There are 2 protein chains.
Amino acid sequence: MRTLDQARLPQPDLAEVEIGTVLQALADPVRLQIVRLLSRQGTAACGELDVPVKRSTVSHHLRTLRETGLLETHLKGNTRVSKVRREELDRRFPGLLASILDAAPAVPAAPPEEEPGGADGER
Amino acid sequence: MRTLDQARLPQPDLAEVEIGTVLQALADPVRLQIVRLLSRQGTAACGELDVPVKRSTVSHHLRTLRETGLLETHLKGNTRVSKVRREELDRRFPGLLASILDAAPAVPAAPPEEEPGGADGER
DNA sequence: CGACATCTACGATACACATCGAACATGCAT
DNA sequence: ATGCATGTTCGATGTGTATCGTAGATGTCG
């Protein structure tokens, strides 16, 4: 019958979203990871996301990301399928997602760096 | 005894800085404001920054921003002159600062419905 | 020299929020 | 229907951190 409840959960208009709000949402490591995963996988259900927190916490983060405007979520049967609102975000904040998702990882070490040739005065 | 005190306070190599760390630093409204002000003014001392927190808090945020790699600070006499490490940041995270600083402010609110042109007689 | 400035360091406080477990709702199968 | 899965919501808890006031370090100036 109505296996087609493709209902979409409420989400904000991106025009009303401040850049600070987006930054705050992406500042959490788990949420950033979720956005990264979704950007690569396209879509995923809550339970499919490989993040090191419990299910209820993932749900909380997905809610935060959706209410912030970063994700859209569709109801599909018993599961919620989420994906990044990439095109809308690119229109609202040009270059933002690209610069974040394409950022190269940091070099592992801050090696014990000692500079010969003098005291680097600080104080 | 002139400007020999052009010493630069210690700052990280941007190669070692994760994008998540930068996002976390910029997630705070006051810090984002500071970066915005410095981007426009070029440089500023701690006391010149027009932000709604006390001096000691500004100092704390400047330290955070510097240790995160966003700012560099030079000692000039008794004052610390800070500025955004714009070029280095653009090299490490291309497009990031631009997309954040150029982001358009959000539209004030989403009136539930009510098409424009109505009688907004309030206020 | 002493008085005053800028700025940081330190301890204390308060609040936000990330996290969890348990309870509940819903859908799909058997 | 019962059972099992997926997700959400709720309350509680712990931690991180933004904020402040005060004290101290340092530099400038009269």
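Chain identifiers are assigned alphabetically (A, B, ...) following the order of the sequence lines, protein sequences preceding nucleic acid strands; residue numbering begins at 1 within each chain. Note that the structure is a prediction, hence the values are computed from the model and not measured.
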[X] [atom1] to [N] [atom2]: how many Å, rounded?
X     : N      : atom1 : atom2 : result
B:E67 : C:dA9  : CD    : C1'   : 13 Å
A:L75 : D:dG7  : CG    : P     : 11 Å
B:R80 : D:dT28 : CZ    : C1'   : 14 Å

What nitrogen or oxygen pairs link the protein and nucleotides 2-5 of chain C at under 3.5 Å?
from	atom 1	to	atom 2	distance (Å)
C:dA5	N3	B:N78	ND2	3.2

Give me the distances for all protein-to-nucleotides 13-15 of chain D N/O pairs that come in under 3.5 Å?
none

- Message: Are A:F93 and B:V107 linked, directly or through intermediate hydrophobic residues, by side-chain heavy-atom contacts shorter than 4.5 Å (ILVMFWY only)?
- Response: no
- Query: So which pairs with a foot in residues 41-58 of chain A pass side-chain hydrogen bond (donor to acceptor under 3.5 Å, both in side chains), sequence neighbours left out?
  - Reply: none
- Message: According to side-chain hydrogen bond (donor to acceptor under 3.5 Å, both in side chains), does anything in residues 82-100 of chain B pair up with another residue at least two apart or in another chain? List the pairs.
- Response: B:T73-B:S82, B:R85-B:E88, B:R86-B:D90
- Item | DNA chain C contacts among residues 21-30 of chain B, heavy-atom distance under 4.0 Å | none
- Query: When you measure from every atom of DNA chain D, which of residues 42-65 of chain B have a heavy atom less than 4.0 Å away?
  - Reply: B:V53, B:K54, B:S56, B:T57, B:H60, B:H61
- Message: For B:V17 and B:V22: C-alpha separation, side-chain torsions, deciding distance, then whether side-chain contact (heavy atoms from CB on, under 4.5 Å) applies.
- Response: CA-CA 8 Å; B:V17 176; B:V22 174; 3.6 Å; yes
Review item, side-chain donor-acceptor pairs of residues 29-38 of chain A, under 3.5 Å, at least two apart:
from	atom 1	to	atom 2	distance (Å)
A:R31	NE	A:A25	O	2.7
A:R31	NH1	A:H61	ND1	3.1

- Item | Under the side-chain hydrogen bond (donor to acceptor under 3.5 Å, both in side chains) test, residues paired with A:Q11 that sit two or more places apart | none
- Item | Main-chain N/O of A:L75 paired with A:T79 side-chain donor or acceptor, under 3.5 Å | no
- Spell out, as yes or no, whether a donor-acceptor pair under 3.5 Å connects the side chain of B:R66 to the backbone of B:P10. yes
- Item | Residues in salt bridge (Lys or Arg N to Asp or Glu O under 4.0 Å) contact with B:E67, at least two apart in sequence or another chain | B:R63
- Here the pair of heavy atoms bringing B:A44 nearest to B:L49 is CB-CD2, 3.9 Å
- Query: Mind checking what makes side-chain contact (heavy atoms from CB on, under 4.5 Å) contact with B:D13, not counting sequence neighbours?
  - Reply: B:A15, B:E16
- Task: Would you check if B:H74 and B:R80 make a side-chain contact, meaning some heavy-atom pair closer than 4.5 Å?
- Result: no
- Query: Can you find a pair of side-chain heavy atoms, one from A:P12 and one from A:T68, that are under 4.5 Å apart?
  - Reply: no
